[in-house]
**Q** 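Sharing a structure here in structure tokens format.
The figures here come from the full heavy-atom set of this structure, side chains too, leaving out hydrogens, waters and symmetry mates.
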Amino acid sequence: MAREFQRGHKAKISDLTPGTDLYVGVQIAAPGLTFDISCFGLDAHEQLSDDRYFIFFNQPKSPEESIQLLGAQSGDTESFRVTLDRIPAAIQKLSFTATLDGSGQMSQIGPGYIRIVAGGEEVVRYAFTGSEFTTERAVMLGDFYLKDVWRFAAVGQGFDGGLDALLKNFGGEVAEEEAPPAAAPAAAPGFAPPAQATAPPAFGAPPAAPAPQPAPSFGAPPAPTPSPAPQQPMHAAPTLAAPLAPQTPQAPQAPSPYGQPHQPQQPHQPQFGQVPGQGVPPAPSFGQQAPAPYGQPAPAPYGQQPPVGMPPGVPQGMPQGVPQGVPATGAGLQAALQPYKEAATGQRWTPQNQQLMRVDLTMGGSGVLARQGSMVMYQGKVDFGYKSAGFVGRAVGNATGQEMQLMRCTGRGQVFLAEEGSHLHPIELQGDAICVSAESVLAFDESLQYEVRRVEGHGIPGGALFTMQFHGTGTVIVKTHGTPVVLPVTPTTFADCNAVVAWSAASQVIVSTQVRLRRNAYPGHSGETVNLQFRGAPGNFIVVQPYEV
């Protein structure tokens, strides 16, 4: 029986089916609208570093045919064949998306789904409706992602812009395809399945069979009728040119961007699909008398002191306030800020950098509890409320030193969290548990359960005799001073009680006191006398930060 997923649900593929040759079907429709359904093969940084793994109507399969576009069949608007054990190691994620071809918005769609079929049996289905979206023109439906093993996540995240914007979000670049002047473009047909003149090896029945059936190892559902005859696609959508990478301005005679013909006279406004900043630089008349209010001679060469009142390298007439070193066209600004753009991965929790975390409240269905004052920015309609611990919770927190001042974040939007430049680390719990000091917790899913746990022993300074234990299904964000180290628990594992950040809940923790008399001892001086000893079965761990209180 197929499992019904909600937005944000995840599972190992091995928990759904033992098969690795899978059928992925997508059903999405709306009156008068046409959809482009694609699969992006992304690397470990969730970027389209190899454009051969962008599977769409003009590129129906990957080089080794581990990902294939099959076309409409068995009630699905579009379908794919995914062979997980043939996907190269460089591909760490497959993102299935649907974008509008033409006008319209995703709020107009009817009930749809993305499903996985193995051996002819549907094993999982994520259903969605147009009421979950507003003015978006694209939606990321579901992901196969490699995290030790292949897993599936129901995403359902809307995305502004069409296929071009989605492609650029994954680090790709689009270039306008030049149509032959003599060819009169016909009406764009619907998606057609890949050419079946030569069937893929070991897939389906022989070509002579009237109704081909999938091989037992492949998961496509049985089709009552054969697929319609393929037609020559005449789609006018832009094609992939190259992954997007910051470019520095070049001389006027530098070669044109990848995929574009050489244009010696580049207009000031870059053409669609070209890398910004490679236009012909303006030639201001620095040496001539001009009515400009400055009345100064030409600026000194780059890197020298500019004239008073004018930024270096900026021609006369350039508006004030432009950052130093930015070309007059402004294209260099985009290249300079490209490494710092928002990272949108389709997951609920997304690190933007080591010190900034983003949580998407539209995914997961539950709110987030975060440390008060940790919000630095948010987008969308988000409500912030005070989370009261109650009288008993405050009493326990005061007595154990594990009190957390929390706020509840709910609504539909994205919240960015940080605190004093601490390094942030998302830890995903799937029914297991972890112990974390309350001081090291920045935020966590409201679906998680937490309680104060006692560490057996005496003499721990700073009230560290207690810790917080989180368990259930969700994510907790742990903050550290610097980059931590994760160590396995052995019988001889000791750690300073003020440097330990977290440990597995199954570990046994014992206070170890080593008293050393010193001549320079004074009241309040600890002298590394109190440590924590950890014991446990293989698989247990501790997290230690390079910092002491």
**Q** Looking at Gly474 and Ser447, what are the two nearest heavy atoms and their distance?
**A** CA-OG, 4.3 Å
**Q** Nearest 0.5 Å please: distance from the OG1 atom of Thr83 over to the CD atom of Gln68.
**A** 6.5 Å
**Q** Looking at Lys61, I want to see if its NZ is surrounded by more than 12 non-hydrogen atoms of other residues, nucleotides or ligands under 6.0 Å.
**A** no
**Q** Can you check whether Phe159's main-chain N or O pairs, donor with acceptor, with Arg137's side chain at less than 3.5 Å?
**A** no
**Q** Can a donor-acceptor pair be found, under 3.5 Å and without considering hydrogens, that links the side chain of Ser14 to the backbone of Pro18?
**A** no
**Q** Taking side chain as C-beta onward, heavy atoms only, is Val139 less than 4.5 Å from Gln157?
**A** no
**Q** Is the shortest heavy-atom distance from the side chain of Leu442 to the side chain of Leu417 under 4.5 Å?
**A** yes
**Q** Measuring from atom CD1 of Ile109 to atom CD1 of Ile28, what distance do you get when rounded to the nearest 0.5 angstrom?
**A** 4.0 Å
**Q** What are the two closest non-hydrogen atoms of Phe170 and Met140, and how far apart are they?
**A** CZ-SD, 3.8 Å
**Q** Please evaluate residues Thr77 and Phe35 with respect to the criterion side-chain contact (heavy atoms from CB on, under 4.5 Å), reporting the C-alpha separation (whole Å), side-chain torsions for both, the decisive distance (0.1 Å), and the verdict.
**A** CA-CA 9 Å; Thr77 310; Phe35 296 88; 5.6 Å; no
**Q** Do any N or O atoms from the side chain of Ser107 and from the backbone of Thr134 form a donor-acceptor pair under 3.5 angstrom?
**A** yes
**Q** Can you tell me if Arg3 uses its side chain to pair, donor with acceptor, with the backbone of Val123 under 3.5 Å?
**A** no
**Q** Would you say Arg412's side chain and Gly380's backbone share a donor-acceptor pair under 3.5 angstrom?
**A** no
**Q** Would you check if the side chain of Asp76 reaches a backbone N or O of Ser79 as a donor-acceptor pair within less than 3.5 Å?
**A** no
**Q** Between Asp43 (side chain only) and His45 (backbone N and O only), is there a donor and an acceptor less than 3.5 Å apart?
**A** yes
**Q** Give me the atom names and distance for the closest heavy-atom approach of Val501 to Val478.
**A** CG1-CG1, 3.3 Å
**Q** Would you mind listing every ring-ring contact (aromatic ring centres under 6.0 Å, His included) that reaches into residues 348-383, with sequence neighbours excluded?
**A** Tyr378-Phe384
**Q** Indicate yes or no: does Arg151 engage Asp15 in a salt bridge with an N to O separation below 4.0 Å.
**A** no
**Q** Can you give me the closest heavy-atom contact between Arg371 and Ser374, atom names plus distance?
**A** O-OG, 2.7 Å
**Q** To the closest 0.5 Å, what do you measure between CG (Leu448) and CG (Asp445)?
**A** 5.5 Å
**Q** Ignoring hydrogens, what is the shortest heavy-atom contact between Val489 and Ser507? Give both atom names and the distance.
**A** CG2-OG, 3.8 Å
**Q** Keeping the roles fixed (side chain from Lys479, backbone from Glu439), state whether a donor-acceptor pair exists under 3.5 Å.
**A** yes
**Q** Between Glu428 and Lys147, does any NZ, NE, NH1 or NH2 come within less than 4.0 Å of an OD or OE carboxylate oxygen?
**A** yes
**Q** Looking at CD of Gln92 and CD1 of Ile87, how far apart are the two atoms once the value is rounded to the nearest 0.5 Å?
**A** 10.0 Å
**Q** Report yes if some heavy atom in the side chain of Met404 is under 4.5 Å from a heavy atom in the side chain of Met468; otherwise report no.
**A** yes
**Q** Looking at Glu64 and Arg86, is any side-chain nitrogen of the basic one under 4.0 Å from a carboxylate oxygen of the acidic one?
**A** no
**Q** Taking the inter-plane angle between the rings of Phe54 and Phe40 on a 0 to 90° scale, is it parallel (under 30°), tilted (30 to 60°) or perpendicular (over 60°)?
**A** parallel
**Q** Any heavy-atom pair between the side chains of Leu429 and Thr473 that's under 4.5 Å?
**A** no
**Q** How about Glu420: does its CD atom have over 12 heavy atoms from other parts shown lying under 6.0 Å from it?
**A** no
**Q** Are Tyr126 and Tyr113, when compared by the centres of their aromatic rings, separated by less than 6.0 Å?
**A** no
**Q** Tell me whether the centres of the aromatic rings in Tyr23 and Phe80 are closer together than 6.0 Å.
**A** no
**Q** Report yes if the side chains of Phe470 and Val441 come closer than 4.5 Å at any heavy-atom pair, otherwise no.
**A** yes
**Q** If you look at every heavy atom in Gln372 and Leu406, which pair is closest and at what distance?
**A** NE2-O, 3.1 Å
**Q** Apply side chain to side chain donor-acceptor pair (under 3.5 Å) to Ser437 and Ser440, showing your working.
**A** CA-CA 5 Å; Ser437 174; Ser440 299; 4.7 Å; no
**Q** Salt-bridge test for Lys387 and Glu446: reply yes if a basic N is under 4.0 Å from a carboxylate O, no otherwise.
**A** no
**Q** Salt bridge check, Asp360 against Arg348: does any charged N sit closer than 4.0 Å to a carboxylate O?
**A** no
**Q** Passes side-chain contact (heavy atoms from CB on, under 4.5 Å), Asp432 versus Ile434? Steps please.
**A** CA-CA 7 Å; Asp432 41 2; Ile434 189 172; over 6 Å; no
**Q** Any side-chain heavy atom of Ile114 sitting closer than 4.5 Å to one from Arg125?
**A** no
**Q** Kindly say whether Gly19 contributes a backbone atom to a donor-acceptor pair with the side chain of Thr17 at under 3.5 angstrom?
**A** yes
**Q** Could you walk me through whether Cys409 and Asp383 pass the side-chain contact (heavy atoms from CB on, under 4.5 Å) test, one step at a time?
**A** CA-CA 6 Å; Cys409 309; Asp383 295 326; over 6 Å; no
**Q** Counting only N and O atoms by type, is there a donor-acceptor contact under 3.5 Å from the side chain of Gln59 to the main-chain atoms of Asp51?
**A** yes
**Q** Are Thr34 and Asp101 close enough, and set up right, to give a side chain to side chain donor-acceptor pair (under 3.5 Å), and what steps lead you there?
**A** CA-CA 5 Å; Thr34 304; Asp101 183 12; 5.6 Å; no
**Q** Report yes if some heavy atom in the side chain of Phe416 is under 4.5 Å from a heavy atom in the side chain of Glu342; otherwise report no.
**A** yes
**Q** Can you find a heavy atom in the side chain of Tyr145 that is under 4.5 Å from one in the side chain of Phe152?
**A** no
